[in-house]
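Below is one structure; the comments refer to it alone.
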Amino acid sequence: MKKNLIFVGAPGAGKGTFSAVLTAEKPYCHISTGDLLRDEIKRDTQLGRSAAGLMKAGKLVPDEVVAAMVESRLAQKDCQEGFILDGYPRTVHQAELLDAVLTKLGKELDRVVLFQVPDEVLLQRLTARESCRKCGEIFNKLFKPSKTAGVCDKCGGELFQRPDDSLETAKNRLKVFYEQTLPVIEYYRAKGKLFTVTALEREQIADLIRKELY
Ligand code: ADP
Ligand code: ZN
């Protein structure tokens with residue numbers, strides 16, 4: 001089994017969705033820097049307060065800040081069997097910082113899975129996306145609606161739209177992805193680590209990933 005993974009792709013490409021699919025099947029620890037940052041905001045920490053404005057504008061949080069969060073998470077016990085880094089690294093500098101951390105922890109990266117989705121689909125998905133306040137389950141008003149509007153199928157919690165999923169901010173996040181994260185993809189392609197998934201159907205994507213990794 002390929003156990004140490006990075007999921008890379010534009011916002012809305014499905015990194016979070018397929019992280020959830022895989023962690024339900026294998027003992028990966030799931031590290032989403034976006035989730036870690038949103039948790040800091042929720043707890044109203046100093047880090048959270050400094051990140052909130054940047055996130056709301058669709059800009060990246062400074063490399064050193066996210067790198068430190070990832071390092072402490074990767075060192076924890078539950079990441080020994082494998083990890084999925086979801087949304088990190090997003091700049092070449094972050095990728096270099098990650099290399100150093102992995103060497104320090106004696107871990108090796110096995111695969112970088114790239115999710116490729118057309119821009120029009122991404123914008124539709126992002127602006128129609130809803131998440132559960134209680135359990136984090138992700139729904140989509142267009143593609144995967146909850147049975148009752150505004151209510152989570154899984155736990156009955158309240159659904160909400162992320163503040164950075166407005167059309168304007170979503171467009172900005174895409175721009176940031178093309179400017180700052182495309183070079184990261186080339187970085188891993190050159191290392192021979194990249195596996196690209198271009199399918200759009202959920203089950204087809206899951207099967208392609210399983211075949212490559214398990
Ligand atoms: P998405 O992949 O859908 O854009 P995320 O939840 O991964 O959503 O990220 C939300 C926001 O959190 C980003 O727009 C950015 O402001 C911040 N963020 C997340 N990961 C990173 C990272 N690796 N480096 C810098 N900022 C990040
Ligand atoms: Zn829920």
Side-chain angles (χ1 to χ4, degrees), residues 6-20 30-42 47-71 73-74 84-98 101 112-117 119 121-140 144-148 150-185 187:
I6 289 173
F7 281 6
V8 64
K15 306 180 296 285
T17 303
F18 291 99
S19 295
H30 174 218
I31 306 176
S32 155
T33 43
D35 286 349
L36 291 175
L37 289 166
R38 280 185 288 277
D39 187 56
E40 297 281 341
I41 293 176
K42 210 165 147 189
L47 197 165
R49 260 174 267 155
S50 64
L54 291 167
M55 290 173 72
K56 198 151 187 204
K59 293 184 183 151
L60 294 186
V61 173
D63 291 340
E64 269 68 20
V65 173
V66 271
M69 284 190 334
V70 168
E71 175 166 4
R73 189 65 190 85
L74 275 176
I84 298 176
L85 273 173
D86 162 2
Y88 184 89
R90 268 166 140 99
T91 66
V92 171
H93 186 221
Q94 289 181 12
E96 291 164 352
L97 292 170
L98 177 65
V101 166
V112 177
V113 181
L114 166 64
F115 295 85
Q116 251 179 353
V117 178
D119 278 5
V121 180
L122 293 172
L123 283 177
Q124 271 186 331
R125 278 188 193 167
L126 289 171
T127 52
R129 176 160 76 176
E130 293 179 309
S131 333
C132 173
R133 245 182 238 293
K134 245 163 122 186
C135 76
E137 182 77 0
I138 302 165
F139 296 89
N140 188 292
K144 191 196 166 200
S146 57
K147 288 197 191 89
T148 311
V151 181
C152 176
D153 290 353
K154 242 184 167 176
C155 78
E158 182 200 353
L159 302 183
F160 74 104
Q161 188 188 40
R162 269 169 47 180
D164 58 348
D165 278 345
S166 69
L167 180 61
E168 195 195 348
T169 305
K171 279 186 178 161
N172 211 23
R173 283 157 62 205
L174 271 184
K175 190 165 161 260
V176 168
F177 171 77
Y178 285 116
E179 286 172 2
Q180 308 203 45
T181 310
L182 277 192
V184 174
I185 294 167
Y187 181 88

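All ligand and atom numbering here is 1-based and tracks the order in the structure. Values in this document were obtained by computation on a predicted structure and should not be read as measured data. For the single chain, residues carry numbers from 1 onward in sequence order.
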Is it true that a side-chain atom of T169 and a backbone atom of K56 form a donor plus acceptor pair closer than 3.5 Å? yes

Relative to each other, are the rings of F115 and F18 parallel, tilted or perpendicular (30° and 60° limits)? parallel

Using the test side chain to side chain contact (heavy atoms under 4.5 Å, CB included), find all partners of V121 that sit at least two apart in sequence or belong to another chain. V117, P118, R125

Heavy-atom contacts with ligand 1 below 4.0 Å: which residues, ordered by chain and residue number? P11, G12, K15, T33, G34, L37, R38, M55, K59, L60, V61, V66, G87, Y88, R90, Q94, R129, R162, D164, R173

Carboxylate-amine/guanidinium proximity below 4.0 Å for D39 and K42: no

Can you tell me how far CG of D63 sits from OH of Y88, rounded to the nearest 0.5 angstrom? 7.0 Å

Mark yes or no for whether Q161, through its side chain, and T127, through its backbone, hold a donor-acceptor pair below 3.5 Å. yes

Apex the Zn ion (ligand 2); atoms C155 SG and C135 SG; angle rounded to 10 degrees: 120°

Under the side chain to side chain contact (heavy atoms under 4.5 Å, CB included) test against I31, which residue among L36, D86, I84 passes? L36

Work out the angle at the Zn ion (ligand 2) between SG of C132 and SG of C152, rounded to 10°. 110°

